[in-house]
Amino acid sequence: MRTAIIGSGYLGLTTGAVFSAAGHQTYCVDIKPTLIKTIKSGTPPFYEPYLDELVSQTVSNKKLIPTLSYEEAIPNTDISFVCVDTPGDKDGNLSIKSVKAAITSISKNIEKDNHIIVIKSTVPLGTANTIQTIIQENTDKKVHVARNPEFLAEGSAVFDTLLPDRIIIGTDSNYAFNQLCKLFKSIDNYAKKIINEENTRNKIMKFSKTYRSKFNYSIPFENRVLRTNTASSELIKMTANSYLAMKISYANAIANICENSDANVNEVLEGIGRDPRIGRDFLYAGLGWGGGCFPKDVRGLIKNAQNYGYKFNLLKEVENINNFQIDLAVNKVKNLFGKQLSKKTITILGLSYKPGTNDTRKSPAIKLVKYISKYVKKIKIYDPKSLENAEKQLENLDNIYFASNIEDVFKESNLAILATEWPEFLSLDFDHLKDLMEDNIIIDTRNSLDRHELESLGFTYTGIGI
Ligand code: UGA
């Protein structure tokens with residue numbers, strides 16, 4: 001099949017790269033010239049495991065065609081996937097401005113009947129009529145519309161696109177449904193082939209299991225497809241993200257009880273997570289959730305629910321608990337040093353909102369740096385991939401030092417805080433690093449380090465609720 005992917009962010013470029021690697025001629029369309037130029041050179045504009053190999057391979061064999069031009073892409077394709085951003089507006093509602101612009105441009109360039117427009121972007125419930133009107137105003141050809149909400153997570157985007165645990169198709173068009181099933185089945189066949197190659201599998205799955213149990217390969221493709229009506233498919237995405245955020249906030253709320261008692265949150269969560277009705281995935285306490293999706297989708301659902309007569313107070317509390325985790329970490333630092341805090345140098349390990357990505361949008365680690373910087377003499381920061389992105393967000397702070405390596409970030413520090421649990425931070429040589437520090441104190445806001453090892457080396461160790 002020939003496809004056009006509109007929007008070349010994490011979602012669009014990963015989808016385009018996977019489709020083209022599976023043999024489908026794919027145009028990646030974006031309005032940003034610098035982005036298209038970078039992709040044309042065979043490189044993704046952001047870090048995502050294995051995406052660099054896919055993009056370089058498919059751009060060079062011309063299966064993936066990056067372009068600024070809808071006129072070039074749409075007449076040559078059968079299906080367009082809308083993968084543009086839907087950021088929260090000033091009130092928190094998801095803005096569909098870019099979706100509308102994309103659908104207008106697609107519709108204007110459709111030359112034959114039966115083009116399919118698939119909306120992968122997260123849109124609010126109740127967007128269907130607006131989209132139909134735009135299409136009708138801009139083309140007289142027969143167009144089929146479907147929603148196919150996306151569940152890929154950064155750090156495992158290629159794996160999630162190759163082998164999604166469910167494929168939601170929301171449409172009233174049988175033609176669109178059948179064509180999409182054919183396309184996704186071909187991706188599934190390709191995925192199973194490459195995932196069996198050990199080398200490729202290891203690269204693709206580098207961060208796939210960060211918070212999730214293994215993909216269940218025994219579930220046949222057909223059982224992973226779920227056809228729904230349009231409205232349901234619109235609501236599914238925000239509901240899924242908000243539920244996951246709620247699960248994490250629940251874990252953090254329990255951690256806060258543990259903070260003031262002898263209970264250990266890791267044991268409590270393990271104890272409940274073994275109940276299959278609850279599950280252990282996304283039940284890790286820590287500094288809280290961030291990124292380009294959970295914060296905007298939780299807020300978006302609170303706002304969207306209001307339009308349908310429901311006050312989603314539960315989700316407001318989910319946000320409050322999440323914000324509190326930063327205060328909790330800062331209070332730990334304040335309690336450790338009291339009035340001496342303004343003379344101290346603090347090390348922060350990790351700046352991205354989670355391991356496996358260089359994305360620092362709404363990163364809890366960045367919030368922590370901004371907050372703590374007000375109280376301390378100096379903050380030394382290090383991240384394996386996201387220093388450049390962090391620099392843009394932290395440029396106004398004058399007591400921040402960007403370290404170039406691990407030794408540098410630990411040198412003369414009074415306290416190290418693990419803020420993002422990159423695998424390389426979990427296997428550091430603390431026996432050596434302790435000699436570089438002024439004081440051997442660690443706050444592990446992701447409960448990921450080996451407490452016993454650190455304490456036996458003489459560190460004072462504090463986690464979250466443990
Ligand atoms: C999330 C969803 O997991 C995807 O399914 C969805 O497609 C995507 O949003 C999206 O809407 O596009 P993502 O934001 O990439 O994916 O990252 P997650 O792996 O979900 O992590 C989100 C945040 O939760 C991170 O800050 C992470 O550190 C935190 N987290 C996760 C915890 O604090 N505890 C956990 O147990 C799990």
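Counting starts at 1 for both ligands and their atoms, following the listed order.
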Tyr10 and Tyr47: which non-hydrogen atoms are nearest, and at how many Å?
CE2-O, 4.1 Å
Taking the six-membered ring for Trp, are Tyr353 and Phe294 ring centroids under 6.0 Å apart?
no
Selection residues 245-288 - residue pairs positive for ring pair (Phe, Tyr, Trp, His ring centres under 6.0 Å), sequence neighbours left out:
Tyr211-Phe282
Around atom 13 (P) of ligand 1, find the nearest protein heavy atom and jot down its residue, atom name and distance.
Tyr353 OH, 3.3 Å
Whether Glu154 and Lys354 form a salt bridge (side-chain N of Lys/Arg under 4.0 Å from carboxylate O of Asp/Glu) is what I want to check.
no
Check this for me: Glu388, atom CD, are more than 12 non-hydrogen atoms of other residues, nucleotides or ligands nearer than 6.0 Å?
no
Look at Glu424 together with Lys385 and state whether they make a salt bridge at an N to O cut-off of under 4.0 Å.
no
Restricting to heavy atoms, the pick from Tyr284, Trp289, Phe207, Phe151 nearest atom 23 (C) of ligand 1 would be Trp289
Would one find an N or O of Leu152, backbone or side chain, under 3.5 Å from an N or O of ligand 1?
yes
Any Glu421 heavy atom less than 4.0 Å from ligand 1
no
Under the 3.5 angstrom rule, does the side chain of Arg446 hit a backbone N or O of Ala419 as a donor-acceptor pair?
yes
Sub-4.0 Å heavy-atom approach of Gly286 to ligand 1
no
Using a strict cut-off of 4.0 Å, indicate which atoms of ligand 1 neighbour a heavy atom of Glu154.
15 (O)
What part of Tyr211, side chain, backbone, both or neither, has a heavy atom within less than 4.0 angstrom of ligand 1?
side chain
Does Glu150 approach ligand 1 within less than 4.0 angstrom via side chain, backbone, both or neither, non-hydrogen atoms only?
backbone
Among all the protein's non-hydrogen atoms, which is closest to atom 18 (P) of ligand 1, and how far away is it?
Lys354 NZ, 3.6 Å
Between Asp85 and Ser98, does the side chain to side chain donor-acceptor pair (under 3.5 Å) criterion hold? Intermediate values first, please.
CA-CA 7 Å; Asp85 59 330; Ser98 304; 3.3 Å; yes
Heavy atom of the protein closest to atom 2 (C) of ligand 1 (residue, atom name, distance)
Asn241 OD1, 3.5 Å
Quick one: does Thr122 get an N or O within less than 3.5 Å of an N or O on ligand 1?
no
For ligand 1, is there an N or O atom under 3.5 Å from any N or O atom of Gly290?
yes
If you measure from each heavy atom of Gly291 to ligand 1, is any distance below 4.0 Å?
no
Near Ala153 (heavy-atom distance under 4.0 Å), the atoms of ligand 1 are 15 (O), 16 (O)
Tell me whether Ser121 contacts the main-chain N or O of Val84 through its side chain, where contact means a donor paired with an acceptor under 3.5 Å.
yes
Tell me whether the count of non-hydrogen atoms from other residues, nucleotides or ligands lying under 6.0 Å of CG in Asn129 goes above 12.
no
closest protein heavy atom to atom 12 (O) of ligand 1 is Cys293 SG, 3.1 Å
Does Arg446 approach ligand 1 within less than 4.0 angstrom via side chain, backbone, both or neither, non-hydrogen atoms only?
side chain
Is it the case that the side chain of Gln325 and the backbone of Gly286 share a donor-acceptor pair, with hydrogens and angles ignored and the cut-off at 3.5 Å?
yes
Checking contacts here: is it the side chain or the backbone of Thr420 that comes within 4.0 Å of ligand 1, counting heavy atoms only? Could be both or neither.
neither
Which bit of Leu283 is near ligand 1, meaning a heavy atom under 4.0 Å away: side chain, backbone, both or neither?
backbone
Around atom 31 (C) of ligand 1, find the nearest protein heavy atom and jot down its residue, atom name and distance.
Ile248 CD1, 3.4 Å
Any heavy atom of Phe294 under 4.0 Å from ligand 1? The part involved is side chain
Residues two or more places apart in sequence or in another chain: which of them pass side chain to side chain donor-acceptor pair (under 3.5 Å) with Glu150?
Lys120
